[in-house]
Amino acid sequence: MYNSKIIGLGKYVPENIVTNNDLSKMMETSDEWIQERTGIKERRWIVPGSDDTTATMGVKAAKVAIERAGIDKDDIDFIIFATLSPDMYFPGPGVQVQHALDIKTVGALDVRNQCSGFVYALSVADNFIKTGMYKNVLVIGSELHSHGLDKTTRGRGVTVIFGDGAGAAVVSREEDSSKGILSTHLHSQGEHAEELVLIAPGMGKRWVNDIIEDNDPDDESYYPYMNGQFVFKNAVVRFSEVIMEGLMQNKLDKDDIDMLIPHQANLRIAQFIQRKFGLSDDQVYNNIMRYGNTTAASIPIALTEAWEEGKVKDGDTIVLAAFGSGFTWGSAIIKW
Ligand code: UT7
C-alpha cells in the first residue's frame with residue numbers, strides 16, 4: 001500500500017480580463033453588486049476565435065505541472081480530466097490531452113462533477129496510486145464558461161460569476177505513508193440536481209433538434225440555471241461537514257490546518273467557512289477576486305498560486321474542499 005503525493009502543479013488562464021464594469025456594458029449589473037455579493041472584481045474570458053478551449057487550456061496547465069514534477073510525459077500512466085464544459089459532447093477532453101501531449105496510449109478518464117470535479121478526480125488518482133495500479137497520474141480541471149453564458153440581463157444572476165481557466169496536478173506514488181494525500185471524502189445529493197443545472201443539450205429532455213424546431217427566443221434551457229440562495233445555504237453546511245469529516249478521520253483539529261483552499265464559489269462562502277473554523281486570513285487562500293468561479297479549475301488554479309507564493313510548504317496540512325452542482329461535494333486532507 002502506497003500513499004499519493006502532488007509533485008507538480010500548473011495553471012493557465014486566458015489573457016483577456018473582463019471587469020465588472022465591462023459586464024455592466026452588456027447587462028444591467030454593477031461593480032458594486034458583484035463585489036458585494038460575490039467578492040469578484042474581474043474574471044478571464046477567452047477571446048472568441050482564439051485557440052483556447054477547455055482541452056487546450058488543460059494541456060497548457062498540464063505541461064507546466066509535468067515540467068515542475070520533473071518527470072517525462074511518458075512517465076504519465078493515466079489521465080483524469082474534470083470539466084463541465086467539454087469541447088465536444090463526446091468524447092471528453094481526456095483523450096484530447098493524451099493526443100496533444102503525445103503520451104503513449106494510457107487510459108484517459110473524464111469526470112463530470114462540476115465544482116467538485118477536481119476533488120473527485122484527485123480522489124480517483126489517489127486511490128489508483130494507493131492500490132499500486134498507477135505511479136504517475138495527471139489530473140486536470142479546466143473550464144471554458146464564457147462561450148455558453150447568457151450575456152444579457154436575463155442571465156446576470158449566473159453569468160457574472162463564472163470565468164475561464166485551467167489547473168493541473170501530477171499525482172505520484174509516495175512511499176512514506178505519513179505524507180501526501182491522507183484521505184478524500186466524496187458526497188452527493190441528487191434530489192437537488194436541478195437547482196444548479198444546464199438542461200440542454202441532453203438526451204433526457206432537450207436535444208439540439210428540439211431547440212432548433214422550437215426556435216423559441218425565450219428558451220433558457222441551454223443556459224446554466226442556478227437557484228443561488230438555495231445553493232449558497234447548502235454550500236456553507238456541506239463545506240463545513242466535509243472539512244470536519246476529513247479532519248476527524250485523520251484525528252486532526254481545526255488548529256492543525258495550515259492552509260484551506262476552498263473551491264472558489266463565492267468569497268462570502270469562503271469567509272463564512274473561515275469564521276466557522278476560526279482560521280486567519282493567512283490560512284485560507286482565495287483568488288475568486290481575479291478569476292471568478294472556474295468550477296473544476298478553481299481548486300487547482302488556487303493551489304498552484306498558493307504553492308507559487310510559498311504558502312503551501314513541506315509538512316503543511318492542506319485542506320481542499322468543494323461543493324457544487326449535483327449536488328456534489330468533497331474534501332481532501334493533504335500532508336504536503
Ligand atoms: O460554484 C457552485 C456553487 N455556487 C455557489 O455556491 C453560488 C451560491 N450563490 C451565490 O453565490 C449567490 O446566491 C449569488 C451571488 C448567485 C446571488 O446573490 P444573492 O444575494 O443570492 O442574490 P439573489 O439571486 O437573491 O438576487 C437578489 C437581487 C434580485 O433582484 P430583486 O428580485 O431583489 O429585485 C436579482 O434580480 O439581485 C438581482 N440580481 C442582480 N443585480 C445586479 C441578480 N443578479 C444580479 C446582477 N447584478 N448580476
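- Among residue pairs with one or both ends in residues 207-218, those qualifying as side-chain hydrogen bond (donor to acceptor under 3.5 Å, both in side chains) are Arg206-Asp214; sequence neighbours excluded.
- Qualifying salt bridge (charged side-chain N to carboxylate O under 4.0 Å, His left out) partners for Asp74, counting only residues two or more places apart in sequence or in other chains: none.
- Screening residues 99-122 for side-chain hydrogen bond (donor to acceptor under 3.5 Å, both in side chains), with sequence neighbours left out, gives Ser116-Thr328.
- Test Phe239, Trp329, Phe327, Phe323 against His187 for ring pair (Phe, Tyr, Trp, His ring centres under 6.0 Å) and you get one pass: Trp329.
- Residue pairs meeting the salt bridge (charged side-chain N to carboxylate O under 4.0 Å, His left out) criterion with at least one partner in residues 291-307, sequence neighbours excluded, are Lys11-Glu305, Arg290-Glu305.
- Looking at residues two or more places apart in sequence or on another chain, you find a side-chain contact (heavy atoms from CB on, under 4.5 Å) between Lys135 and Asp77, Arg173.
- The salt bridge (charged side-chain N to carboxylate O under 4.0 Å, His left out) analysis of residues 256-278, with sequence neighbours excluded, yields no pairs.
- Here Tyr223 is tied into one hydrophobic group with Ile211, Tyr222, each link being a pair of ILVMFWY side chains closer than 4.5 Å.
- In this structure, the side chain of Asn3 engages the main chain of Ser177 through a donor-acceptor pair within 3.5 Å.
- For Phe162, the ring pair (Phe, Tyr, Trp, His ring centres under 6.0 Å) partners are His145, not counting sequence neighbours.
- For the side-chain hydrogen bond (donor to acceptor under 3.5 Å, both in side chains) condition, the pairs that include at least one residue of residues 39-49, sequence neighbours left out, are Asn20-Arg43.
- Scanning for ring pair (Phe, Tyr, Trp, His ring centres under 6.0 Å) contacts around Tyr225 gives an empty result, with sequence neighbours left out.
- The salt bridge (charged side-chain N to carboxylate O under 4.0 Å, His left out) analysis of residues 314-335, with sequence neighbours excluded, yields the pairs Lys313-Asp316.
- Residues in residues 180-202 take part in these salt bridge (charged side-chain N to carboxylate O under 4.0 Å, His left out) pairs, two or more places apart or across chains: Glu194-Lys205.
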